Amino acid sequence: MNPGIDSDLHDDLSYICNIWSEVLGTAVQPDTLIGEAGGDSLALVVILARVATAYGVRGDLEALARDASPGGMLRAITEELRQDAEGCR
């Protein structure tokens with residue numbers, strides 16, 4: 001899988017959920033909050049680093065803190081990629 005702006009959002013969400021599950025050691029849903037899955041701020045930083053590397057984004061902890069879930073992470077990444085694409089025009 002090649003995550004990013006050209007991929008399907010459903011595939012991206014599955015990819016992000018898999019990373020969360022690997023780091024947290026438990027299955028997660030798109031709306032699972034980090035604390036509900038037994039994670040803490042360190043786990044969130046590890047997840048963000050892996051996802052940011054995969055998508056080539058810097059990862060915005062502030063945006064993620066507003067919705068610390070796989071779905072929230074995908075929304076933040078999608079917005080960052082959209083802004084980056086608009087900046088290239």
Side-chain angles (χ1 to χ4, degrees):
M1 172 179 194
N2 181 18
I5 204 161
D6 61 344
S7 60
D8 181 86
L9 288 178
H10 177 59
D11 290 342
D12 287 331
L13 188 54
S14 294
Y15 182 79
I16 291 171
C17 283
N18 285 336
I19 290 175
W20 279 60
S21 294
E22 288 173 11
V23 172
L24 298 172
T26 189
V28 298
Q29 298 299 316
D31 61 347
T32 301
L33 297 174
I34 190 84
E36 293 172 349
D40 56 15
S41 58
L42 180 57
L44 189 58
V45 169
V46 170
I47 292 167
L48 182 60
R50 287 185 57 185
V51 171
T53 298
Y55 284 85
V57 296
R58 65 184 183 286
D60 184 352
L61 273 175
E62 184 179 324
L64 187 55
R66 289 189 294 272
D67 183 2
S69 68
M73 183 172 277
L74 179 58
R75 284 185 288 279
I77 289 167
T78 301
E79 178 62 19
E80 185 175 337
L81 290 171
R82 185 190 63 75
Q83 289 177 0
D84 288 351
E86 286 178 358
C88 291
R89 292 181 191 173

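Source: prediction; values computed, not measured.
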Are Leu24 and Ile34 close enough, and set up right, to give a side-chain contact (heavy atoms from CB on, under 4.5 Å), and what steps lead you there? CA-CA 9 Å; Leu24 298 172; Ile34 190 84; 4.1 Å; yes

Tell me, with the steps shown, if Asp12 and Ile77 meet side-chain contact (heavy atoms from CB on, under 4.5 Å). CA-CA 10 Å; Asp12 287 331; Ile77 289 167; over 6 Å; no

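Taking CG from Leu74 and OH from Tyr15, the interatomic distance works out to 12.5 Å, rounded to the nearest 0.5 Å. For the atom pair CG (Asp11) and CD1 (Ile16), the distance works out to 11.0 Å, reported to the nearest 0.5 Å.
With contacts defined as side-chain heavy-atom distances shorter than 4.5 Å, the pair Met73/Trp20 qualifies. Side chains of Val23 and Leu44 form no contact here, defined as non-hydrogen atoms less than 4.5 Å apart.
Legend: side chain to side chain donor-acceptor pair (under 3.5 Å) pairs involving residues 21-46, not counting sequence neighbours, sorted by first then second residue: Glu22-Arg50.
Applying the side chain to side chain contact (heavy atoms under 4.5 Å, CB included) test to Gln83 and every residue at least two apart in sequence or in another chain returns Glu79. Taking Ser69 as the reference, Leu33, Asp67, Arg75 meet the side chain to side chain contact (heavy atoms under 4.5 Å, CB included) condition, with sequence neighbours excluded.
Across all their heavy atoms, Gly39 and Ala43 have their closest contact at CA-CB, 4.3 Å.
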